Amino acid sequence: QKEVEQNSGPLSVPEGAIASLNCTYSDRGSQSFFWYRQYSGKSPELIMFIYSNGDKEDGRFTAQLNKASQYVSLLIRDSQPSDSATYLCAVNWGGNTPLVFGKGTRLSVIA
Amino acid sequence: DAGVTQSPTHLIKTRGQQVTLRCSPKSGHDTVSWYQQALGQGPQFIFQYYEEEERQRGNFPDRFSGHQFPNYSSELNVNALLLGDSALYLCASSSRVSFSYEQYFGPGTRLTVT
């Protein structure tokens with residue numbers, strides 16, 4: 001059974017710091033990896049996706065993938081109070097296969 | 001560029017009733033996936049529709065059924081509602097034909113079963 005594990009948090013960081021969010025997955029066949037941000041009472045918003053080992057940067061966000069360790073992370077540089085949300089890690093087998101989500105990590109950025 | 005839309009926003013039903021939720025995918029997308037998100041949990045996959053057929057299904061009972069129309073919009077039907085069906089129901093769209101597999105979610109429908 002495919003599982004995705006995340007620390008539920010809350011993870012508290014001061015404004016301007018780097019927030020580091022981590023995710024591990026159980027299925028070595030997983031091919032694609034996604035980070036969604038979900039504000040309270042809202043739906044998940046796709047912020048990053050990564051398919052290959054290594055780093056992928058988009059603005060203040062960096063996704064890191066290590067398939068050998070079955071580990072995905074999301075770094076948020078210069079964290080802002082508006083980044084306070086739950087961050088969901090999701091994986092699938094590639095293509096349009098179903099997403100398997102972790103329970104999410106709640107991030108709180110303190111001004 | 002219209003994003004994924006869902007209706008209604010909120011719904012209150014009684015145990016045993018039936019409910020229909022609707023979804024229109026993002027412009028250019030042809031695949032619709034439905035997820036259920038209980039409070040404090042990540043979304044769980046219900047099923048996926050492409051070319052008007054159910055292509056993949058998660059671990060949900062037959063009370064959950066769906067449909068996709070020629071314009072790619074989709075419906076989720078739940079029969080014989082249980083209290084445990086109370087959740088946020090999310091529709092996600094993606095594109096198989098253009099190999100754009102990232103799934104984008106709509107705003108969701110909050111279903112409360114009393």
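What you are looking at is a predicted structure, and each value in this text was computed from that prediction instead of being measured.
Shown here is Leu39(B), whose CG atom has no more than 12 heavy atoms of other residues, nucleotides or ligands within 6.0 Å. Atom CD1 of Ile12(B) has 12 or fewer neighbouring heavy atoms from other residues, nucleotides or ligands inside a 6.0 Å radius.
Hydrophobic clustering keeps Phe49(A) apart from Val100(A) (ILVMFWY residues linked when any side-chain heavy atoms are closer than 4.5 Å, directly or through intermediates). Leu88(B) is connected to Phe101(A) through a chain of hydrophobic side-chain contacts under 4.5 Å among Ile, Leu, Val, Met, Phe, Trp and Tyr, so both are in one cluster. Linking ILVMFWY residues whenever their side-chain heavy atoms come closer than 4.5 Å, directly or via other members, places Phe61(A) and Phe33(A) in the same cluster. Following chains of ILVMFWY side-chain contacts shorter than 4.5 Å, one cannot reach Val4(B) starting from Leu111(B), and the two form parts of different hydrophobic clusters. Both Leu76(B) and Val32(B) belong to a common hydrophobic cluster when Ile, Leu, Val, Met, Phe, Trp and Tyr are linked at side-chain heavy-atom distances under 4.5 angstrom.
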Can you pull every donor-acceptor pair closer than 3.5 Å across chain B and chain A?
from: Tyr35(B); atom 1: OH; to: Leu99(A); atom 2: N; distance (Å): 3.1
from: Gln37(B); atom 1: OE1; to: Gln38(A); atom 2: NE2; distance (Å): 2.8
from: Gln37(B); atom 1: NE2; to: Gln38(A); atom 2: OE1; distance (Å): 2.9
from: Gln48(B); atom 1: NE2; to: Asn96(A); atom 2: O; distance (Å): 2.7
from: Gln56(B); atom 1: NE2; to: Asn96(A); atom 2: O; distance (Å): 3.2
from: Ser94(B); atom 1: OG; to: Asn96(A); atom 2: OD1; distance (Å): 2.6
from: Glu102(B); atom 1: OE2; to: Tyr51(A); atom 2: OH; distance (Å): 2.5
from: Gln103(B); atom 1: O; to: Tyr36(A); atom 2: OH; distance (Å): 2.6
from: Gln103(B); atom 1: NE2; to: Thr97(A); atom 2: O; distance (Å): 3.4
from: Gly106(B); atom 1: O; to: Ser43(A); atom 2: OG; distance (Å): 2.8

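Nearest heavy-atom pair across Leu88(A) and Pro43(B) is CD1-CD, 4.0 Å.
Contact annotation for Leu46(A): only side-chain heavy atoms (C-beta onward) come within less than 4.5 Å of a heavy atom of chain B.
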